[in-house]
Amino acid sequence: RVQLMESGGGSVQAGGSLRLSCAASESTNERYFIGWFRQAPWKEREGVALISPFDDSKLYSDSAKGRFTISQDNAKNTIYLQMNSLKPEDTAMYYCAAGRQFTWYWDTYAYWGQGTQVTVSS
């Protein structure tokens with residue numbers, strides 16, 4: 001089973017940027033779809049960005065479009081989420097996940113990291 005570990009979270013002011021990293025224990029290239037998800041207190045878990053290792057397709061949630069960029073470095077077995085123009089409503093625990101389907105349904109992803117906290121102050 002693949003193991004995932006997120007890093008890069010922190011506290012920033014609105015308008016700032018963060019880059020989250022998701023390090024995989026083995027290559028996910030052409031094996032797993034990768035998603036970044038987030039969950040704020042008392043809210044449902046929601047998808048932020050997805051990437052397909054097969055054709056590098058990328059999907060973004062409406063809230064992430066134009067501000068966030070998902071990318072992968074296959075040589076490092078790492079997937080990134082560059083977040084710019086951060087807003088207080090982006091505050092959440094961010095998780096990366098690996099699964100066999102290219103979908104927003106988080107419960108289809110079999111492998112999850114432990115999460116990294118992002119806090120955006122106004």
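Since we're looking at a predicted model, the values are computed, not measured. Quick note: numbers below take in every heavy atom, side chains included, and nothing from hydrogens, waters or symmetry partners.
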If you measure from [atom1] on [X] to [atom2] on [Y], what distance do you get to the nearest 0.5 Å?
| X | Y | atom1 | atom2 | result |
| --- | --- | --- | --- | --- |
| S61 | F37 | OG | CZ | 10.5 Å |
| I34 | L81 | CD1 | CG | 12.5 Å |
| W104 | E46 | CH2 | CD | 9.0 Å |
| S71 | I79 | OG | CD1 | 9.0 Å |
| S7 | Y80 | OG | OH | 9.0 Å |
| L86 | F68 | CG | CZ | 5.5 Å |

Check your understanding: Any side-chain hydrogen bond (donor to acceptor under 3.5 Å, both in side chains) pairs touching residues 89-99, not counting sequence neighbours?
Key -> R38-D90, R38-Y94, R67-D90
Under 3.5 Å donor-acceptor pairs involving side-chain atoms of residues 112-119, not counting sequence neighbours:
unit_1	atom_1	unit_2	atom_2	d
W112	NE1	Y109	O	2.9
Q114	NE2	E6	O	3.2
T116	OG1	G9	N	3.0
Q117	NE2	A92	O	3.4
Q117	NE2	T119	OG1	3.4

Study note, to complete from the structure: Sequence neighbours excluded, the answer for side chain to side chain donor-acceptor pair (under 3.5 Å) partners of Q82 is N84
Check your understanding: For K76, does its backbone N or O pair with a side-chain atom of T78 as donor and acceptor, under 3.5 Å?
Key -> yes
Exercise for review: State whether the number of non-hydrogen atoms from other residues, nucleotides or ligands found under 6.0 Å of M5 atom CE is greater than 12.
Suggested key: no
Do you know which two heavy atoms are closest between [X] and [Y], and how far apart they sit?
| X | Y | value |
| --- | --- | --- |
| P88 | S121 | CG-C, 4.4 Å |
| C22 | W36 | CB-CZ2, 3.5 Å |
| A24 | L4 | CB-CD2, 3.8 Å |

Does the side chain of [Y] come within less than 4.5 Å of [X]'s, by heavy atoms?
| X | Y | value |
| --- | --- | --- |
| L50 | F33 | no |
| I70 | Y60 | yes |
| R100 | Y32 | yes |
| P53 | Q72 | yes |

